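My questions all concern the structure below.
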Amino acid sequence: MTELRVRFAPSPTGYLHVGGARTALYNWLYARRHAGTVILRIEDTDADRSKPELTQAILDSLEWLGLDWDEGPYYQSERLELYRARASQLERQGHAYPCFCPPDELQKKRQTAEAAHRAWKYDGTCRDLSEPDRARRRAQGRPWALRFRTPESGRTAFDDLVFGRIELENSEIEDFVLLRSDGQPTYHLSVVADDLDLRITHVIRGADHLSNTPKQILMYHALSSSQPVFAHLPLILGPDKQRLSKRHGATSVGAYRDQGILPEALMNFLALLGWAPPGGKEIVSPEEMVEQFDLAAASKSNAVFDPEKLAWMNSEYLRRMPLEALLPRVRGELEISGLWSSAFSGSERQRFEDSVRLLQTRARTLKDFSESGRAFFTDDFPYELEARRKFWKESRLADWLRDLAQRLSNLSSFDLEQTEKCLRDLAEEKGIRAGVLINAARVGLTGQAVAPGLFEVMRALGRERTVRRLERAAAALAPSAPDRA
RNA sequence: GGCGCUAUCGUCUAGGGGUUAGGACGUCAGAUUCUCAAUCUGAAAACCCGGGUUCGAUUCCCGGUAGCGCUACCA
């Protein structure tokens, strides 16, 4: 039994987008499932659109997702001799021929045909040129491209691992270009040459290549070589059912990273876009995926990318994550947003951990720690307008909060029970509902109407900071305070 | 236009000749009360249409429709 070899072949003409990431993931899962080899190949034969820095960005995204590879990256731009060798082999054997048709002329013919609603296929002008004719044209220095000589009859079929049997009349396939007039290989040539050279056994790629596959199979035949097994993956669409693109907002893996999405959550989400494990579980670890992954069970229809579900899944991962694992991630987020203080790993370590634990259950993304959780990591936070409007209506609140601060500072122990009793006693004495005080205090401590339970917030902040913030809030609440709502 | 592929709740999907068509996200309502999230309970929500095969099609076949893809000297 020959070794199973798959490849992921991104083109560095953009960042790694979620569709590409899912293709990479499915390749990876399939290979890991069957003890195969993952090969990474960079398809950079389009010199105009390919950018080296994008290659690095793609590599970074793959690594971030936790998708590793065993061989490569191979760069197609460094393998041109291979493609030319294959090209001349095909030409020598009569499976390819030089075409001298000027591109603009072909363009014109194509447009004419289109205008007349006629199907257009390369008309074969140069297909049967005699050798002397060819020699003459070459002598004239006319530029030429190399075209594949497609059989004019018969049909090409293959069994796709996800789509099943696909059949196409050869007459539908035109004599496509293998080598451009500048000597650069086209995609069809380079993929086949590379997949052959790298001994790829399974080609797993986007369904946008489904229609190209017969062309490539014809090339395998012409090179009298066996063809790999093909598996095409349905496309990922935006909410409007159009192919996912910049229009839809974030499409790149990096954009989700920047939004505070965890790589394990994105991986899980992408895996379930087009495949479901036998048990129907939603949260699936990479180990479980590898164990259960099956291309034959993959969906055949396109899938809409739903950011809402991703967000939910991310919150699940956040919530289930052990604190020790979460801490460094939050630290990273705080560093990015300028909220990190070295004290959090020193004197204030306990407070830092308490805060993270408190925020953990309600966080949807890592961004929530630095945004809605801001007040836990810095004294520099605003009192939100909405919060003041909602909970700072009562005029005597300033006095009450001052009283509360006073009493809290005299508490024998600053724990959950005592602080709560302290506040409720005060509320009772003043003849108000505890909620009034609780909500007002929450705004004072966090600046927000929405935050974790008040007494837990107090504990996470510590007595000193709690008292100080309550007094500050009282001052902000006083009629004389300039920034009163 | 030609060719190819696809079609189960709004979305991701399970299922499959006889099912109350299952789950998840989202939505709505209720419980909880300290705001929100979480949690719990409940609800609304789907087999694209038409033929055929069959005792019986959502499931199998054909046609239609729709969507997507390919139709480059892009990948």
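The model shown is predicted, which means the values in this text are computed figures rather than measured ones. Within every chain, numbering begins at 1; the chains are lettered A, B, ... in the order of the sequence lines, protein sequences first and strands thereafter.
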Output all residues satisfying salt bridge (Lys or Arg N to Asp or Glu O under 4.0 Å) with A/E152, sequence neighbours left out; order by chain, then residue number.
->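 By the salt bridge (Lys or Arg N to Asp or Glu O under 4.0 Å) rule, A/E152 matches A/R127.
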Think A/R165 forms a cation-pi with A/F158, using NZ or CZ under 6.0 Å from the six-ring centre and within 45 degrees of its axis?
->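 Relative to the ring axis of A/F158, which defines the angle, A/R165 lies outside at least one limit.
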Can you tell which of B/U35, B/G69, B/C25 lies closest to the side chain of A/E308?
->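 Looking only at heavy atoms from C-beta outward on A/E308, the closest nucleotide is B/C25.
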Does A/F377 have A/R374 sitting over its ring (NZ/CZ under 6.0 Å from centre, angle to axis within 45°)?
->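 No.
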Toward the 5' end of RNA chain B, by each residue's nearest nucleotide, A/E174 or A/Y187 |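 Per heavy-atom nearest nucleotide, the more 5' residue is A/E174.
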Look at all strands and tell whether A/S190 reaches a base, only sugar-phosphate, or nothing, counting heavy atoms closer than 4.0 Å.
->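 Nothing: the residue A/S190, judged by heavy atoms under 4.0 Å, touches no strand.
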By salt bridge (Lys or Arg N to Asp or Glu O under 4.0 Å) - contacts of A/E169 (at least two apart) |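 Per chain and number, A/E169 pairs via salt bridge (Lys or Arg N to Asp or Glu O under 4.0 Å) with A/R155.
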Can you tell me how far C1' in B/A46 sits from the matching atom in B/U13, rounded to whole Å?
->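 One C1' to the other, the span is 12 Å.
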Partners of A/D197 by salt bridge (Lys or Arg N to Asp or Glu O under 4.0 Å), sequence neighbours excluded?
->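 A/D197 satisfies salt bridge (Lys or Arg N to Asp or Glu O under 4.0 Å) with A/R79 only.
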Any salt bridge between A/E420 and A/R424, counting N to O under 4.0 Å?
->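 Salt bridge between A/E420 and A/R424, a charged N being under 4.0 Å from a carboxylate O: yes.
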A/E308: salt bridge (Lys or Arg N to Asp or Glu O under 4.0 Å) partners, not counting sequence neighbours |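 Once residues adjacent in sequence are excluded, the partners of A/E308 under the salt bridge (Lys or Arg N to Asp or Glu O under 4.0 Å) criterion are A/R364.
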Please write out each protein N/O paired with an N/O of nucleotides 43-46 of chain B under 3.5 Å, distance rounded to 0.1 Å.
none

N/O (side chain, A/Q242) to phosphate O (OP1/OP2, B/C68) under 4.0 Å |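 Yes.
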RNA chain B contacts among residues 423-439 of chain A, heavy-atom distance under 4.0 Å =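 Nucleic-acid contacts, sorted: A/R424, A/G435, A/I438, A/N439.
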Base-pairing mate for B/A46 - Watson-Crick or G-U, with both contacts under 3.5 Å |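 The base-pairing partner of B/A46, which may sit in any strand shown, does not exist here.
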Qualifying residues under ring-ring contact (aromatic ring centres under 6.0 Å, His included), relative to A/F269, sequence neighbours excluded |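 If we apply the ring-ring contact (aromatic ring centres under 6.0 Å, His included) test to A/F269, skipping adjacent residues, the hits are A/F305.
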Side-chain donor-acceptor contacts of residues 228-235 of chain A below 3.5 Å, not counting sequence neighbours, with atom names and distances?
from   : atom 1 : to     : atom 2 : distance (Å)
A/H232 : ND1    : A/D160 : OD2    : 2.6
A/H232 : NE2    : A/R205 : NH1    : 3.2
A/H232 : NE2    : A/T213 : OG1    : 3.1

Under 3.5 Å on both distances, the Watson-Crick or G-U partner of B/C73 |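 By the stated definition (distances under 3.5 Å), nothing pairs with B/C73.
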Can you find a side chain N or O atom of A/T186 that sits less than 4.0 Å from OP1 or OP2 on B/A72?
->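 So the side chain of A/T186 is outside the cut-off, no N or O lying under 4.0 Å from OP1 or OP2 of B/A72.
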Identify whether any heavy atom of A/Q184 sits under 4.0 Å from a base atom; if not, whether one sits that close to sugar-phosphate; answer base, sugar-phosphate or nothing.
->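 Nothing: the residue A/Q184, judged by heavy atoms under 4.0 Å, touches no strand.
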With sequence neighbours left out, what residues match A/A427 under side-chain contact (heavy atoms from CB on, under 4.5 Å)?
->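 In terms of side-chain contact (heavy atoms from CB on, under 4.5 Å), with neighbours along the sequence ignored, A/A427 is linked to A/I432, A/A434, A/L437.
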Residue A/V177, side-chain heavy atoms: nucleotide from B/C73, B/U35, B/C68 that is nearest =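 The answer is B/C73, which lies nearest to the side chain.
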Which nucleotide, in any strand shown, forms a Watson-Crick or G-U wobble pair with B/C60, with both distances under 3.5 Å?
->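 Pair assignment: B/C60 / B/G52.
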For nucleotides 1-13 of chain B, 5' to 3', base contacts (B), sugar-phosphate-only contacts (S) and non-contacts (-) with protein non-hydrogen atoms under 4.0 Å give BSSSSSS---SBS
For A/H95, all residues meeting ring-ring contact (aromatic ring centres under 6.0 Å, His included), sequence neighbours excluded =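 Not a single residue meets the ring-ring contact (aromatic ring centres under 6.0 Å, His included) criterion with A/H95.
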Starting at CG of A/L454 and ending at P of B/U33, how long is that distance when rounded to a whole Å?
->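 That distance rounds to 17 Å.
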Is A/P452 touching bases, backbone alone, or none of the nucleic acid, heavy atoms closer than 4.0 Å?
->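 Base contact.
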Going by heavy atoms closer than 4.0 Å, what residues in residues 310-320 of chain A are next to RNA chain B?
->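 Of all residues in residues 310-320 of chain A, the ones placing a heavy atom under 4.0 Å from RNA chain B are A/W312, A/R319.
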Between the side chains of A/D44 and A/S77, does any donor sit under 3.5 Å from an acceptor?
->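 On atom types as modelled, these side chains qualify, holding a pair under 3.5 Å.
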Under 4.0 Å between a side-chain N/O of A/R110 and OP1 or OP2 of B/A72, yes or no?
->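 Yes, such a contact exists.
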Residue matched to B/C25 through Watson-Crick or wobble contacts both under 3.5 angstrom |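 By the stated definition (distances under 3.5 Å), B/G10 pairs with B/C25.
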Lys NZ or Arg CZ of A/K215 over A/F176 ring: under 6.0 Å, within 45° =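 Yes, A/K215 and A/F176 form such a contact.
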